Amino acid sequence: MASSIVLFGPPGAGKGTQAGNIVAITGKPQVSTGDMLRAALVEGTALGLEAKGYMEAGQLVPDDVIIGLIEERLTQSDASDGVLFDGFPRTIAQAEALAEIADVSVVIAIEVPDGRIVDRICGRYTCNSCDAVYHDTFNPTQTPEICDHCGHTKMKRRADDNEETVRTRLAAYHEQTAPLADWYRHRDLFVAVDGDQDIDMVSASISAVL
Ligand code: AP5
Ligand code: MG
């Protein structure tokens with residue numbers, strides 16, 4: 001079975017920011033459950049409607065919904081050589097389900113202290129066309145309002161990127177997701193990188209792991 005990579009870390013750690021570099025190195029497609037849920041929300045599908053309340057409140061979407069989404073995604077042809085999971089798994093139940101359907105070669109955890117997270121999330125914006133991730137202060141577009149990657153001129157902000165929701169997301173991370181670190185450590189799959197440094201430095205640390 002081809003092996004997949006898990007990108008792990010709290011909200012705002014830089015998973016989406018680092019994913020492009022990892023895709024470029026490994027050729028594995030990025031599978032972000034957050035991006036998939038947001039796309040379903042925009043399309044107004046049953047999945048989107050079910051996920052909406054949880055996401056806006058900063059709570060995790062139920063495991064059975066997420067596991068079903070991943071099972072379906074992994075049947076697509078581009079996933080046959082493994083994928084880069086971004087934001088999945090987020091609970092022990094999700095990790096156990098994943099172990100049944102895919103082989104994981106490494107879990108790369110981007111570690112960032114809680115004190116940095118609110119500023120990162122509240123300053124985030126993304127390209128409305130290609131979803132490239134930017135930040136008002138830490139990583140702005142080179143020309144205001146023009147995407148560096150695709151030239152699109154419309155940017156968007158996420159509905160859950162506000163201080164109150166971020167605190168709920170952080171609490172969900174510590175209660176439900178952080179215990180996965182030990183789960184993967186016991187399986188010798190866990191590698192931590194310091195996410196509290198410049199974006200290029202984090203990329204270099206991840207490249208060294210890969
Ligand atoms: P999801 O979309 O996965 O959000 P998240 O995990 O909260 O993580 P983020 O996307 O907010 O952060 P990131 O680590 O990608 O950081 P980014 O690179 O953007 O999930 C959203 C919701 O969907 C969840 O709350 C839940 O409801 C639901 N959901 C999704 N998956 C689920 C699952 N498996 N189970 C259950 N529910 C699920 O960077 C953040 C900002 O910081 C950017 O502005 C960026 O420019 C900046 N930045 C990045 N790196 C640096 C750096 N090194 N220095 C300075 N700034 C930086
Ligand atoms: Mg993300």
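Both ligands and their constituent atoms are indexed starting at 1 by order of listing. When a residue number appears, it is its place in the shown sequence, counting from 1. The structure displayed is predicted, hence computed values, not measured ones.
For atom 31 (N) of ligand 1, the nearest protein heavy atom (residue, atom name, distance) is Thr33 OG1, 2.8 Å. Counting only heavy atoms of the protein, atom 54 (N) of ligand 1 lies nearest to Arg120 NH2, 3.3 Å. Protein heavy atom closest to atom 18 (O) of ligand 1, with residue, atom name and distance, is Thr17 OG1, 2.6 Å. The protein non-hydrogen atom at the shortest distance from atom 29 (N) of ligand 1 is Leu37 CD1, 3.6 Å. Of all protein heavy atoms, the one lying nearest to atom 19 (O) of ligand 1 is Arg124 NH1, 2.6 Å.
The closest non-hydrogen atom to atom 21 (C) of ligand 1, taken over Gln59, Arg169, Arg158, comes from Arg158.
With hydrogens and angles left out, the side-chain atoms of Ser205 and Gln197 include a donor and acceptor closer than 3.5 Å. No side-chain donor from either of His135 and Asp119 sits under 3.5 Å from a side-chain acceptor of the other.
Using a 4.0 Å cut-off to heavy atoms of Arg38, the atoms of ligand 1 that qualify are 2 (O), 21 (C). The distance from ligand 1 to the heavy atoms of Gln197 drops below 4.0 Å at these ligand atoms: 52 (C), 53 (N), 54 (N).
At a 4.0 Å heavy-atom cut-off, ligand 1 touches Tyr134 through the backbone alone. The part of Ile66 lying near ligand 1 is the side chain, judged by heavy-atom distances below 4.0 Å.
Remark: Arg187 qualifies as a cation-pi partner of Trp183 under the 6.0 Å distance and 45° angle criteria applied to the six-membered ring.
In terms of N/O distances under 3.5 Å, ligand 1 is not approached by Asp35.
Salt bridge annotation for Arg124-Asp161: present, with a cationic side-chain nitrogen under 4.0 angstrom from a carboxylate oxygen. We find that Arg169 and Asp160 are joined by a salt bridge, their nearest charged nitrogen and carboxylate oxygen being less than 4.0 Å apart.
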